[in-house]
Amino acid sequence: MAIERVQAELEQYRRLMEPPPPEEFEEGFSIRTILGALFVAFVMLPGAAYLGLVAGIGIGDAARWVTVILFVEVARRSFITLKRQEIYLLVIVATAILGTNPYSGYIWNVFMRTSQVTQGLGVADKIPTWVVPPADSPAILYRTFFHKDWIIPIAVSFALLFLGRVKNFVAGYTLFRIASDYERLPFPLAPVGAQAATVLAEISRKEETWRWRYFSTGAMIGLAFGFFYAGIPTITGAIMTRPLQLIPIPFIDLTLNAESVLPATPVAIFTNLGDFLWGFVVPFWVAIGSFIGGLLTMVINPTLYRRGVLKNWKPGYDAIKVQMVTTYDFWISADIGRGLGLAAVSIGSVMATAIREWKQRARVAKQQPLIMERIPLTATLPYRGDFPVPIMVGIYIVASLATAILCYILVPKLPIIFPLFFALVYTPLISYVDARMRGLTGQWFGIPFVREGFTILYSKLTGYRGLDIWFAPIPIGDYGGTAQYFREVELTGTRFTGVLKTEIVIVIVGLIANLAVWQYLWRLAPIPSYVYPFAQKMWPLYAYTGALLWTTTLGKRELEVLKPKVIGGVFGSVVGAYLLFSLLPFNLPMLLFYGLVQGIGGFPFGNLLVFAGALVSKFYFEKNYEDPTTWRRYATVLLAGYNCGMGLVGMFCAATAMVSKAVTQLPY
């Protein structure tokens, strides 16, 4: 019976999720795709960048919704109907173009070069000049990318960006041909992504749908909250010496008030309303577990302090400083052990499930051959816009060799055999495993700290000293997710050639637009500074956490931050907790375990609003709907609308700041 059920499920799934017939495939790429890229780049991008620096909020969903809604409405009033493929490519453009952004990385590297945090750790002046100019360079002093000292860093990053996107495209396509066409794996989550085009296409109808109502409600909430959260600081900052924050960004710091009761514990309440709405859509038990894990930090940190483990904490530290010193003393090692433990249990559970499915499918194939026929790798389907697989493999090899050679040129102390191994052995192998896992189960958790582990191990074994290796473009990648992306493309009936053209537009438009936006924001004020509250508050913490790992290759015993006993102990604790959750007779949700493990070690009340949103969603809104799934769909659109409203506020803030800066710089 089990064999027959598996056979029926596979055949039923394939019948439901087969791509459209050949006559319905369209390229999708048109002048509308280019206009969509320009709209996102020069209208949405400034708001996204500014809002990220001010409030730490991204507007990826907002960019997607606003772009598609605008173009669909314009098309309706022009008596034009957008095809499903055109809408899907607009979704891709709106989502991806915000990520084609090396310039924010340049500014981050400038901060790492000049920050007191990295200078205190003794790593600031050791960052190679092919990553960022020296601290006394006019390029940094005058905050400009238009200086000769940026030529080499920008050239290196552009080369890596180009090679990376080429490898991602060709490797992902090849894995798609292997896993989907030849092995006929189902990719159960690919239809979820493919449905985005169908869902967004509903707004092209003349009748109003429920999505409009919930989306507009969320947008109004985002506009109202965003005005107080980000709008008032921006407007007052333009006319006052320092901005006025009615709502502290990004949190209310209560650490000093609680230090007598909770020593060495960062007590802070985050103030972004989006966290509350996020609680509506996050899995309930993940939210509960994360909140409980945060509360456990209030027990763990004081206990570690009293036992002398958190020895660098002193009374009077604020939340950021407390998080820095506790990270140094304990939590960076604990995070590594936690990541390795989660990876071990996740990969183990997924592999066990996959092995069972492989065995069942093998038994099914012997008794009754599957109806679905394999598509040979040498075959190409013209209507789908296929590329020859051998050529794609050759392009990947050439791009990988170029990356390895560039790595050797930049860091000659690292033998080229290591980049070649990662490019031609490790990355293809792990990408194939990823593609198969996504094809069979829809999920893959990856292997954490591969690069960090290799770097530290290489330093210990060879006696290497320096920071160059941390910035070396070692070709460690995983392209299994792109294989699932191509399956989504196929399910929407979009030709792969249209996707390739869209990729080219994304890179060209994204690089030009990001240069203009980030150059202006950098000239507007130093990043971070009081003009950008979130960056001013959180960047030092991020810098401290990253720079701590760099110190492990400097050979300074006082900066030895990795503690093998802590790593091993936390790793064993995570695996043991997983086994305990699995064996307990109480049927505790496994999502509670994942949330619990991920919540420990951060800000104790960092997930308070998410927790509150999850409770309201579970015990109020779901009670008012016959099917909880219906409310989940509504909540998703509500959150997207909120992000859209916040994004509109961000665009207004960016425009206000830019106009104010332009006016104040006039000589009359």
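What you are looking at is a predicted structure, and each value in this text was computed from that prediction instead of being measured. Worth knowing before you read on, the calculation uses all heavy atoms, side chains too, and leaves out hydrogens, waters and symmetry mates.
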Do you know which of Phe291, Phe270, Trp331 makes ring-ring contact (aromatic ring centres under 6.0 Å, His included) with Phe603?
->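 The option that passes is Phe270.
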Taking every non-hydrogen atom, the tightest pair across [X] and [Y]:
X	Y	value
Pro266	Ala319	CB-O, 3.7 Å
Ala264	Asn301	O-ND2, 2.9 Å
Glu259	Gly316	OE1-N, 3.0 Å
Pro248	Thr271	O-OG1, 2.6 Å
Pro153	Val131	CB-O, 3.6 Å
Ala423	Ser400	CB-CB, 3.7 Å

Quick one: does [X]'s side chain get under 4.5 Å of [Y]'s, heavy atoms only?
X	Y	result
Leu410	Pro473	yes
Leu273	Leu609	no
Thr551	Val123	yes
Trp313	Pro263	yes
Cys407	Leu414	yes
Val574	Tyr578	no
Tyr594	Ser290	no

Any donor and acceptor pair, going by atom type alone, linking the side chain of [X] with main-chain N or O of [Y] inside 3.5 Å?
X	Y	value
Ser459	Thr455	no
Asp468	Val411	no
Gln119	Thr114	yes
Asp329	Asn312	yes
Arg436	Ala179	no
Asp478	Gly480	yes
Thr118	Ser115	yes
Ser333	Ile567	no
Gln323	Gly602	no
Thr482	Gly172	no

Please list, chain by chain and in numerical order, all residues satisfying side chain to side chain donor-acceptor pair (under 3.5 Å) with Thr297, sequence neighbours excluded.
->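 Testing Thr297 for side chain to side chain donor-acceptor pair (under 3.5 Å), a comparison that skips the adjacent residues, returns none.
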Begin with the C-alpha distance, continue with both residues' side-chain angles, and end with the deciding distance and a verdict on side chain to side chain contact (heavy atoms under 4.5 Å, CB included) for Asn257 and Val267.
-> CA-CA 9 Å; Asn257 305 82; Val267 181; over 6 Å; no
Test salt bridge (charged side-chain N to carboxylate O under 4.0 Å, His left out) applied to Asp335 - qualifying residues, sequence neighbours left out |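 By the salt bridge (charged side-chain N to carboxylate O under 4.0 Å, His left out) rule, Asp335 matches Arg338.
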Taking the six-membered ring for Trp, are the ring centroids of [X] and [Y] within less than 6.0 Å of each other?
X	Y	value
Phe605	Phe251	no
Phe454	Phe422	yes
Tyr106	Tyr103	yes
Phe169	Phe486	yes
Phe421	Tyr426	no
Phe111	Trp108	yes
Phe471	Trp550	yes

Working for side chain to side chain contact (heavy atoms under 4.5 Å, CB included), residues Trp539 and Leu53 = CA-CA 10 Å; Trp539 276 27; Leu53 294 172; 3.9 Å; yes
Apply ring pair (Phe, Tyr, Trp, His ring centres under 6.0 Å) to Phe418 and Tyr458, showing your working.
-> CA-CA 10 Å; Phe418 293 108; Tyr458 178 80; 5.6 Å; yes
Euclidean distance, [Y] [atom2] relative to [X] [atom1], rounded to 0.5 Å:
X	Y	atom1	atom2	result
Leu467	Thr552	CG	OG1	9.0 Å
Leu429	Leu424	CG	CG	12.5 Å
Leu457	Thr553	CG	OG1	13.0 Å
Leu401	Ile416	CG	CD1	8.0 Å
Lys413	Arg465	NZ	CZ	10.5 Å
Met298	Thr265	CE	OG1	8.0 Å

Flag yes if more than 12 heavy atoms outside Tyr408 fall under 6.0 Å of its OH atom; otherwise flag no.
->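 No, the 6.0 Å shell around OH holds no more than 12 heavy atoms from other groups.
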Can you check side chain to side chain contact (heavy atoms under 4.5 Å, CB included) on Trp278 and Tyr642, steps first, answer last?
-> CA-CA 10 Å; Trp278 175 246; Tyr642 170 83; over 6 Å; no
Output, in order, the C-alpha distance, side-chain angles, deciding distance and verdict of side chain to side chain contact (heavy atoms under 4.5 Å, CB included) for Tyr229 and Ile249.
-> CA-CA 8 Å; Tyr229 194 66; Ile249 301 174; 3.9 Å; yes
Give a yes-or-no answer on whether the side chains of Asp318 and Thr255 include a donor-acceptor pair shorter than 3.5 Å.
->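 The answer is no; no qualifying pair exists.
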By side-chain contact (heavy atoms from CB on, under 4.5 Å) - contacts of Ser529 (at least two apart) | Ala525, Pro526, Val531, Tyr532
Aromatic rings Phe534 and Tyr542: how do their planes relate, parallel, tilted or perpendicular, breaks at 30° and 60°?
->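 Judged by the thresholds at 30° and 60°, the geometry between Phe534 and Tyr542 is tilted.
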